[in-house]
Amino acid sequence: MNLVLGWRSASLLVAAAILLCLAAALASNLRNRLANRVLGALIVTLVGVFTPWLIGFAGAYDQWPWLTFLPVAVPLLVPALLRLYVEALLKGALPRHWRVMLLPGLIQFSFQAISFCLPLDLKNRSWARRSRRCSPWS
């Protein structure tokens, strides 16, 4: 088995490269420093959200099945980071309880990281069992 760089994986790879360069440039900018860093974190989070599609279209899950539950897609961080960016841009500071806003995303990341560390056969068995239980056809 080889990795396949088709049009979908190639376009996502180019988008990821451009967005990560943009996030790095934002983090190094001195003007609106806090807002730019939060926006950079938001961009990196969004790249993480489509990274499983990128490696899936390339065939990486077929070649390396242990990549299941790779903890890069954390969409629960997106709304919190968007709000923090707006607050930092408008007020120049983060709200008092900004860490609490990130808690759902951090819990999701923790779940994925723990699930990623499980052995492959346990991941496959638990996933198959849950998908059969939730399926309307079973």
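Considering every non-hydrogen atom in both Tyr61 and Gly56, the closest pair reads CD1-CA, 3.5 Å. Contact record, Leu118 with Leu122: CD2-CD2, 3.8 Å, taken as the closest heavy-atom pair. Minimum heavy-atom separation, Asp62 to Pro65: O-CD, 4.1 Å. Taking each heavy atom of Ile43 and Ala23 in turn, the nearest pair found is CG2-CB, 4.1 Å.
Residues satisfying the side chain to side chain contact (heavy atoms under 4.5 Å, CB included) test with Trp64, not counting sequence neighbours, are Leu3, Ala60, Trp66, Leu67. Judged as a side chain to side chain contact (heavy atoms under 4.5 Å, CB included), and not counting sequence neighbours, the contacts of Trp98 are Leu84, Leu94, Pro95, Leu102.
Hydrophobic clustering, defined by side-chain heavy atoms of Ile, Leu, Val, Met, Phe, Trp and Tyr closer than 4.5 Å, groups Leu103 together with Ile107. Under a 4.5 Å side-chain heavy-atom criterion applied to ILVMFWY residues, the cluster that includes Val14 comprises Ile18 as well.
Counting heavy atoms from C-beta on, the side chains of Leu46 and Leu19 never come closer than 4.5 Å. Between Leu42 and Leu39, the closest side-chain pair of non-hydrogen atoms falls below 4.5 Å.
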Pairs of donor and acceptor atoms involving the side chains of residues 69-82, under 3.5 Å and at least two apart or interchain, shall be tabulated with distances.
none

Which donor-acceptor pairs under 3.5 Å do side chains of residues 31-38 form with protein atoms, sequence neighbours excluded?
unit_1, atom_1, unit_2, atom_2, d
Asn36, ND2, Arg31, O, 2.6
Asn36, ND2, Asn32, O, 3.4

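Taking hydrophobic clusters as Ile, Leu, Val, Met, Phe, Trp and Tyr residues chained together by side-chain heavy-atom distances below 4.5 Å, Val4 does not share a cluster with Leu12. Linking Ile, Leu, Val, Met, Phe, Trp and Tyr residues whenever their side-chain heavy atoms come within less than 4.5 Å leaves Ile114 and Leu106 in two separate clusters.
Sorted by first and then second residue, the salt bridge (charged side-chain N to carboxylate O under 4.0 Å, His left out) pairs involving residues 77-94 (not counting sequence neighbours) are Arg83-Glu87, Glu87-Lys91.
Once rounded to the nearest 0.5 Å, the distance linking CZ of Phe50 with CZ of Phe57 reads 11.5 Å.
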